[in-house]
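Structure first, commentary second.
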Amino acid sequence: MVHDLLSQLNDAQRAAAAQINGPMMVIAGAGSGKTRVLTFRIAHLIQNGVDPFNILSLTFTNKAAKEMKHRIGDLIGETHSKDIWMGTFHSIFARILRIESEHINYPRNFTIYDTADAKNLVKDIIKEFNLDDKTYKPGIVYNRISSAKNNLISSQDYINNSDLMAEDRMSGKPRLGEIFAQYDLRLFKAGAMDFDDLLFKTNVLLRDFPSILLKYQEKFQYILVDEYQDTNFAQYLIVKQLAARHANICVVGDDAQSIYAFRGANIQNILNFQKEYGIYDEFSIYKLEQNYRSTKTIVNAANSIISNNKEQIKKDVWTSNDEGDKIKVHKAATDNDEGQFVANQIFYLRQQNGAAPSDFAILYRTNAQSRSFEEALRKLNIPYRIYGGLSFYQRKEIKDLISYFRLACNPNDEEAMKRVINYPKRGIGDTTVQKIVVGATEKNLGIWDMLERSPELGINGATWNKIQEFITLIKSFRVALDVRNAYDLGHQIASESGLLKELYSDRTPEGVARYENIQELLNGMKEFSDRLDDANPLQIHTLSDFLIDVALLTDADQDKGEDNDRVSLMTIHASKGLEFPYVNIVGLEENLFPSQLSLNSREEMEEERRLFYVALTRAEKKATLSYALTRYRWGQISHCEPSRFIEEIDERFLEMPEETQRPSSTRFDQERSHFFGVNNRFSQKPTTSPAAASAPSARNEPPPSPIAPPRNFKKVSTSAPAIPSGEYSSAEEIIVGAEVMHDKFGKGKVIALDGQAPDVKATIFFPKEGQKQLLLRFAKLKVMG
DNA sequence: GTATTATCTAAGTCT
DNA sequence: TAGATAATAC
């Protein structure tokens, strides 16, 4: 049985998976099956008598954790796999911090501030200090605080560190340390932690409470860390401490794929692992060098790129897969042309190879690049999904409602309070809120405690009455916290806070969309509550359980659902660990990729190069690179040069664009339209069918499914069988000046169109009704004539 | 205290 | 371009 399990692995994989005790490092080239090794190793551990309760497995995303757990369950049975502690650093340590919260004087229900909350707080503090927010840019200040925390430097350490203080004086920000200290104090009083605190405070906990350290050392007798090359100092130290007693630690990673130095990841952690643990007899290093994912062309091209980096662990990634197609390089005239090229190519490959939309990924350096691809894909009715960007949980209305939730669980949550105390409007204005915030700081109270004592600040009768009403409202939610499940209470809060009514009364298209988003969130909560309540009927799943889940969700985590056959659009960072048959790497231009901000140092340039390596090695069958000669950046046209990374690939693996701007072959005759700068020519292609008339378009997108969980909710295209139409679908027909018919408002004329699909908003003048703004995806418009 | 308008400035990657 | 903020009027 034991033997059978590991016999499914190759020699190197098996050797790694079979080691039970002692420290070990697995250097795993891209596509070499490292998740497989982790999965099988854990299954093997359990088969050899290790208690699942004694295993800690740290992954890069929660989704990866979930999948791994599943696969382990498949191998050895779910009863064994379900007790493993498996998750991201942040979610595992959040869990530990909740359990141990009293030791660090935090409430069990502490809130986790996301980056927006954290930057807001920094911004407010800068204002309170009467500092110029052009000198002290909140984002920059926050980043500096963040990197200090990732290096386990407290605000006190920071202020006492003459080097850091000197740097701040040099950069004109001598009071940064003070801001840091105040920021931490405010977090503490709010019962809140930022992302970095989840690591920082865990270190404090393990450092200051030897008994707690011992408890977790004994619990986690076997530790596995995935993506070890992307750990920062705080993570490194936590792992080191936890493993110090049993030294059963297995780290897996690839130095060539280290792409998070900007957030404190230290590539030295993996490079130094051997020095650190080499003293143990059992210490072993395994190298996985056989790539199972990609063609020879892709593997070799990737190798040729990465050889330009100086610092790396020697390894020789190879594959026995086919040679495969050459990597096509495409030169587009503009960013929009690049979008069209990619969409056309996807369309073409689907026709030729029968590929599904989900076989494709479009990878870019920055989120802002997604737009031209969205537009082009939509025109061809190719379904897609964007990962990253403005996620569901960052939308205003969602954050508003969640702020009420947070306040109910933790009334001292300052950021949540500021967000909703006057939303919907209840006559508690900025000046009053300001008084409360300042008062709380001066009297060293939590924001809620101060609120309850508002009269001490001279807040007068009328306003005080309104505040009391607000206090009563929040209290009425609090009493239900442990009694009602997440959905029931969530629903109660949404309606009694007035939020639902507020949004419902807004009949503008945006208002309708916001209302529906709230419904989506509630639907997701229903699913959350039902799923968990059924699993354990004795225990209800509360609102604070839900919040814990939500705070650390990443975009990569949210892709459950029925409707997953879509092209993936994401940053290269977000693509780590994923693979696709067809990959387009776009925007390969100097100053974009590599980013202009990386030109200053070799280290940063090498990180960009590793990023490119990651991008290329996502591809299984075919990779296509593209760049544009001009591109809109910050509203202006800028001229671009091809990225140096294209040149760094051995040209044997490339199919370069023609030098003259005229394709010699007609293999992709749609290219012509780009080279000749004629938009939409391709739409005349003979693949056209009259089905276009029934092709879903912006005007008749089905409403979101009422049972879909919110993690499904992404900006998605109108789903449709992809058939480019000769006559464009109606989204195209609705143009400025068009005469349209609306069910309710009758005949009207389009005055303006703005916004991005699927949120295209039309301003339409209806002679009978006056001027209206309608979202195309909801308004059922018919074009006249 | 609130609503509307005018002006500014920002876009690098993420838990 | 768009979202955030400041200024203005109510």
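Reminder, nothing fancy here: chain letters follow the sequence lines and each chain counts from 1.
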Any [X] side-chain nitrogen or oxygen under 4.0 Å from OP1 or OP2 of [N]:
X	N	result
A:N232	B:dT15	no
A:T432	B:dG1	yes
A:T571	B:dC14	yes

Compare the minimum distances between each of [options] and the side chain of [X], then state the nucleotide with the smallest one.
X	options	answer
A:N422	B:dT15, B:dT9, B:dT2	B:dT2
A:R371	C:dA2, B:dT13, B:dG12	C:dA2
A:F195	B:dT15, B:dG12, B:dT13	B:dT15
A:K137	B:dT15, B:dC14, B:dA10	B:dA10
A:T366	B:dG1, B:dT13, B:dT15	B:dT13
A:S595	B:dG1, B:dT9, B:dG12	B:dG12
A:T431	B:dC14, B:dG1, B:dG12	B:dG1
A:R365	B:dG1, B:dT2, B:dT13	B:dT13
A:F262	B:dT15, B:dT13, B:dA3	B:dT13
A:A368	B:dT13, B:dA11, B:dT15	B:dA11

Starting at atom [atom1] of [X], determine the distance to atom [atom2] of [N], rounded to an integer number of angstrom.
X	N	atom1	atom2	value
A:D226	B:dT15	CG	C1'	15 Å
A:K425	B:dA3	NZ	C1'	9 Å
A:L592	B:dT13	CG	P	10 Å
A:K399	C:dA4	NZ	P	12 Å
A:N591	B:dG12	CG	P	12 Å
A:Q434	B:dG1	CD	C1'	15 Å
A:D549	B:dT15	CG	C1'	15 Å
A:Y142	B:dT13	OH	C1'	14 Å

Under a 3.5 Å threshold, yes or no: a donor from one side chain and an acceptor from the other, between [X] and [Y]?
X	Y	answer
A:Q241	A:N203	yes
A:S598	A:S595	no
A:D194	A:Y183	yes

(request) Determine the interatomic distance between C1' on C:dA4 and the same-named atom on B:dT13; round to the nearest Å. (result) 23 Å
(message) Roughly how many Å apart are C:dA6 and B:dA11, using the P atom of each and rounding to a whole number?
(response) 16 Å
(message) Using only modelled atom types and a 3.5 angstrom limit, is any donor from either the side chain of A:E607 or the base of B:dG12 paired with an acceptor on the other?
(response) no
(request) Examine the base of B:dT15 for any acceptor or donor lying under 3.5 Å from a partner atom in the side chain of A:T61, and report the outcome as yes or no. (result) no
(message) Need one value for A:K134: base, sugar-phosphate or nothing, where a base atom within 4.0 Å counts as base even if backbone is also close, heavy atoms only.
(response) sugar-phosphate
(request) Evaluate the ring planes of A:Y106 and A:F188, with Trp represented by its six-membered ring, and classify them as parallel (under 30°), tilted (30 to 60°) or perpendicular (over 60°). (result) perpendicular
(message) Students often mix this up, so state it plainly: with edges at 30° and 60°, are the rings of A:F262 and A:Y260 parallel, tilted or perpendicular?
(response) tilted
(request) Please figure out whether A:R263 or A:T463 has its closest DNA chain B nucleotide nearer the 5' end. (result) A:T463
(message) Can you tell whether the side chains of A:K418 and A:D124 come within less than 4.0 Å, N to carboxylate O?
(response) yes
